[in-house]
> 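Sharing a structure below in structure tokens format, with a few things to ask.
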Amino acid sequence: MRTDRWPSTEAEAIEVQQRLRHRVELTGPDVSAARTVAGLDVDYNGDRIVAAVVVLDAETLDVVETSVADGDTAFPYVPGLFAFREIPTLIAALDGLDATPEALVCDGQGLAHPRRFGLACHLGLLTGLPTIGVAKTPLGRYDMPAAQRGSRSPLVDDGDEVGAALRTRDGVKPVFVSVGHRTDLDSACALTLRLTPSYRLPETTRLADQLCRGESASLSDQWVR
DNA sequence: GCGACAG
DNA sequence: ATCTTGTCGC
């Protein structure tokens with residue numbers, strides 16, 4: 001998949017978001033019933049990044065396939081334009097898969113974004129796949145949900161409900177779930193709960209994080225000598 | 001002017 | 001994201 005003609009200025013990047021945001025689809029196949037789900041994450045190494053994709057069997061949570069790719073940091077870090085840093089390398093990692101997963105779980109926001117077009121939305125549009133965003137910190141306001149796993153409360157930004165604060169573990173800080181593309185918030189939360197039998201973050205995200213960290217460390221030679 | 005700001 | 005030890009708890 002091509003990600004050429006990448007924006008080089010903030011103004012261009014914002015234009016891209018404004019142009020694409022209206023193509024996000026808020027309905028689709030029930031993502032919580034997907035048979036295979038992929039998690040994506042990246043590790044930063046100066047001006048280089050390593051991206052990892054881990055595909056799991058959604059029923060057993062066994063690893064089906066993995067892929068890694070490394071590349072340049074494609075854009076400076078600007079809040080709201082975060083996706084432009086990571087997407088080219090994430091796409092390269094996705095291109096390395098043998099089989100296309102039925103849904104993607106992104107490490108960041110989807111609709112919970114100032115222009116309603118976070119990383120998960122962007123990656124959804126570029127791949128055409130159903131995507132959700134599961135972020136560790138919120139973008140928007142929320143009331144703390146009840147302490148029990150499964151409890152949720154609306155994540156609100158500028159008067160819009162853009163996602164949910166969702167407890168994935170009793171008494172542990174919630175995660176922040178939002179729709180990326182071709183799904184709805186209830187399905188996104190249901191999928192997130194399926195992927196969190198043991199930890200706060202989805203297994204997909206945890207395993208992708210481990211994979212790109214390990215790959216990144218071996219590339220930078222830190223453990224030799 | 002000051003604080004906030006996904007990763 | 002990263003700089004950073006030990007400690008408490010399941």
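Just so you know, these numbers use all the heavy atoms, side chains as well, and skip hydrogens, waters and symmetry mates.
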> Keeping to residues at least two apart or across chains, list the ring pair (Phe, Tyr, Trp, His ring centres under 6.0 Å) pairs with something in residues 136-155 of chain A.
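Ring pair (Phe, Tyr, Trp, His ring centres under 6.0 Å) check on residues 136-155 of chain A returns A/Y142-A/F176.
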> Is it true that a side-chain atom of A/R167 and a backbone atom of A/A146 form a donor plus acceptor pair closer than 3.5 Å?
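Present.
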> Students often get this wrong, so: under 4.0 angstrom with heavy atoms, is A/L81 touching a base, only sugar-phosphate, or nothing?
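A/L81: base contact, heavy atoms under 4.0 Å.
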> Can you name the side chain to side chain donor-acceptor pair (under 3.5 Å) partners of A/R149, sequence neighbours left out?
A/T196
> Atom CZ of A/F176 and atom C1' of B/dC5: how far apart are they, to the nearest Å?
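A/F176 atom CZ is separated from B/dC5 atom C1' by 15 Å.
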> Can you check the A/Y44 OH to C/dA1 P distance for me, whole Å?
9 Å
> For the side chain of A/L139, counting heavy atoms from C-beta on, which of C/dT2, B/dG7, B/dA6 is nearest?
B/dA6
> Would you say a side-chain N or O of A/Y77 is under 4.0 Å from OP1 or OP2 of B/dA6?
yes
> Contact class for A/G133 vs. all strands (heavy atom < 4.0 Å): base, sugar-phosphate, or nothing?
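No contact at all - A/G133 keeps every heavy atom at 4.0 Å or more from the nucleic acid.
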> Just by distance, do the side chain of A/D184 and the backbone of A/S187 share a donor-acceptor pair under 3.5 Å?
yes
> Atom CG of A/L90 to atom P of B/dA6: distance rounded to whole Å?
17 Å
> For A/D170 and C/dC10, give me the distance from atom CG to atom P, rounded to whole Å.
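Between P of C/dC10 and CG of A/D170: 12 Å.
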> Is the distance from the ring center of A/H122 to that of A/F84 below 6.0 Å?
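Yes.
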> Mind calculating the distance between CD (A/E86) and C1' (C/dA1) to the nearest angstrom?
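It works out to 9 Å between those atoms.
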> Just to confirm, is there a sub-4.0 Å distance from OP1 or OP2 of B/dG7 to any side-chain nitrogen or oxygen of A/T137?
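So the side chain of A/T137 is within the cut-off, an N or O lying under 4.0 Å from OP1 or OP2 of B/dG7.
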> For A/H122 and B/dG7, what is the distance between atoms NE2 and C1' respectively, to the nearest whole Å?
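Rounded to whole Å, this separation is 16 Å.
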> Do the side chain of A/H181 and the main chain of A/G128 share a donor and acceptor less than 3.5 angstrom apart?
no
> Is the shortest side-chain N/O distance from A/R213 to OP1 or OP2 of C/dT2 below 4.0 Å?
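So the side chain of A/R213 is within the cut-off, an N or O lying under 4.0 Å from OP1 or OP2 of C/dT2.
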> So what does A/R169 touch, heavy atoms closer than 4.0 Å: a base, only the sugar-phosphate, or nothing?
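If one applies the 4.0 Å heavy-atom cut-off, A/R169 turns out to touch nothing in the nucleic acid.
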> Answer yes or no: is there a donor N or O on one side and an acceptor on the other, between the side chain of A/R200 and the main chain of A/K136, under 3.5 Å?
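Yes; judged by distance alone, with no hydrogens or angles, the pair exists.
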> Hey, where does DNA chain C pair up into stems, meaning at least three consecutive Watson-Crick or G-U pairs with distances under 3.5 Å?
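Correct response: none, since no qualifying run exists.
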> Whole Å only: how far is the OH atom of A/Y142 from the C1' atom of B/dA6?
14 Å
> For A/I132 and B/dA6, what is the distance between atoms CD1 and P respectively, to the nearest whole Å?
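One finds 19 Å between P of B/dA6 and CD1 of A/I132, rounded.
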